[in-house]
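Working notes for the structure below.
A, B, ... follow the sequence lines: proteins, then strands. Residue 1 opens every chain.
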There are 2 protein chains.
Amino acid sequence: MTPPVPLHLSLAGQAVDVLREQVLTGEIPPGSRVNEVEVAQKLGISRGPLREAIRHLASEGLLTLVPHRGAFVPDASPEDVRALFELRTALECAAAELAASRRTDVDLVRLQDVCAESRRNYRAGQPFPYRLDLAFHQTLIEAARSPYIAEQVRLVQQRVVLLRSSLDDDPPHQHASMDDHDELVRAIADGDAARAATVMRRHLSRVCAQMITSLTR
Amino acid sequence: MTPPVPLHLSLAGQAVDVLREQVLTGEIPPGSRVNEVEVAQKLGISRGPLREAIRHLASEGLLTLVPHRGAFVPDASPEDVRALFELRTALECAAAELAASRRTDVDLVRLQDVCAESRRNYRAGQPFPYRLDLAFHQTLIEAARSPYIAEQVRLVQQRVVLLRSSLDDDPPHQHASMDDHDELVRAIADGDAARAATVMRRHLSRVCAQMITSLTR
DNA sequence: AACGTGTCAACTGTCGACAGTTGGCAGTTT
DNA sequence: AAACTGCCAACTGTCGACAGTTGACACGTT
């Protein structure tokens, strides 16, 4: 029952985790460069494993590589956001359809729980935390039981987080999102794949528009 | 007007191209291991760049990494094929929809050209070459003008090629595929996004089933 | 004979150092 | 003063070598 991977993650693996965190939290701001020797010293490792970590993050879209120049944290144009959300929509609509036809009862309970917690948070005056939004989509993906789609959604979500630099949602948008989530759960509960896809598409369309406006202002 | 990337691709980049070719053509058969020192010597490079190439191909799904064991060419189970085609369906159906609404006239001509060449080849008694099937889907993706979706489709197509170990299509399937392609082009020509998605889904469902049967026999 | 144990070779993970390239700066020219 | 040229520092790309881990084989035990 012991995990097949060693408890000691390789240095490269550890570096991936640390760097990913720093990039996603904005600790390494978009547009900035990642100096190999500097970061390697800071992490206490050699350049070899760090390079592998950098390449890995680049393959996830969290860094862009320029030959002989190094790795940069990408900053997004509205056009990028639009194109990225086309991919996200394709993936998550398919996931919504699959979830509607494959969900178990415990999947349904989990989805409802996340929605309920969102409402509680919102009613308590606190803003709808992005954490719960991620949790909802994550739960939905698991209910779809399609490992390849799940993996790709994870990567896209990450890139969305990266672009989401301190995007403080306004309450109307939060309310609409929660309504979308509720409607999605109902469609999935009914096993209505077509409606689940439609609602997901509308939801993501709204989120995308909101991100673009909050990006351009 | 000089290209921004150096004509000298980095050694790692060259190694990626060579290895990708060898994996996709089956020169390195599925299930076999990639020995770092051996391959590095064969390519005349050091282990550093080769390791980066291996990690890159692993991120594309063309190799699987096992800690302290090395890189292996994955061999697929029917379940993998099914899951992979769920992802492919999500991506290519979305691409078909987008292509239907965004295609230009030259896109349409290109699609029709590929279909016509397929027919010519088929009538000439030659088997429907997989090359033309790839060309069709590639052209369709370009017509969709969605860079992120295009990139993901490219990666999925590669993995499909990898699984397609000497899959000699039988003529009935080839004929059905060409009919699907023709119908897709008509739907795209009409700008009928919904029908394009439906046809694409049916087409990929057929291809998936064909691959699984030819894999299990 | 089957099982458990100890040893070993092969390979991956990691490191430090060298070579080649890039962008910027100082100096010179017009 | 503006533009061009040559040089330089910084950084990436690459290499060879060392250390740690893994799987397998041989040996001894029950």
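Nucleic acid contact for R47(B): base, since at least one base atom lies under 4.0 Å from a heavy atom of the residue. Counting non-hydrogen atoms under 4.0 angstrom, V34(A) reaches the backbone sugars and phosphates but no base. Within the nucleic acid shown, G48(B) has no heavy atom closer than 4.0 Å to any nucleic acid atom.
With dC15(C), dG13(D), dT14(C) as the choices, the nucleotide that has an atom nearest any side-chain atom of S10(A) turns out to be dT14(C). The listed nucleotides are dT14(D), dT21(C), dT22(D); the one nearest the side chain of P49(B) is dT14(D). Comparing dC15(D), dT12(D), dG13(C) against the side chain of R51(B) picks out dG13(C) as the nearest. Closest to the L11(B) side chain, of the nucleotides dT12(C), dC15(C), dC15(D), is dC15(D). Closest contact between the side chain of R55(B) and the listed nucleotides dG13(C), dG13(D), dC15(C) involves dG13(C). Among dC15(D), dG16(C), dG13(D), the nucleotide with an atom closest to any side-chain atom of S46(A) is dG16(C). Nearest to the side chain of A12(B), among dG23(D), dC15(D), dT14(D), sits dT14(D).
Taking atom CG on L50(A) and atom C1' on dG13(D), their separation rounds to 14 Å, with Å as the unit. One can place CD of E36(A) at 15 Å from C1' of dC18(C), the figure rounded to the nearest angstrom. Taking atom CZ on R33(A) and atom C1' on dG24(C), their separation rounds to 13 Å, with Å as the unit. Rounded to whole angstrom, the span from the CD atom of E52(B) across to the C1' atom of dT12(C) amounts to 16 Å. When rounded to the nearest whole Å, the span between NE2 of H68(A) and C1' of dA19(C) equals 12 Å. Distance, Q14(B) CD to dG13(D) C1': 12 Å, rounded to whole Å. When rounded to the nearest whole Å, the span between CG of N35(B) and C1' of dA10(C) equals 8 Å. Rounded to whole Å, the distance from CG on L43(A) to P on dT14(C) is 13 Å.
Looking only at atom types and distance, the side chain of D107(A) has a donor-acceptor partner in the side chain of T104(A) under 3.5 Å away.
Not one N or O on the side chain of R110(A) forms a donor-acceptor pair closer than 3.5 Å with the backbone of T139(A). Side chain of R103(A) to backbone of I188(A): a donor-acceptor contact under 3.5 angstrom is found.
Residue whose closest nucleotide on DNA chain C sits further toward the 5' end, between V66(B) and R69(A): V66(B).
Heavy-atom minimum distance, P74(B) versus L62(B): CD-O, 3.3 Å.
In this pair, H137(B) and H181(B) present their aromatic rings perpendicular. The plane angle is above 60°, beyond the 30 to 60° band.
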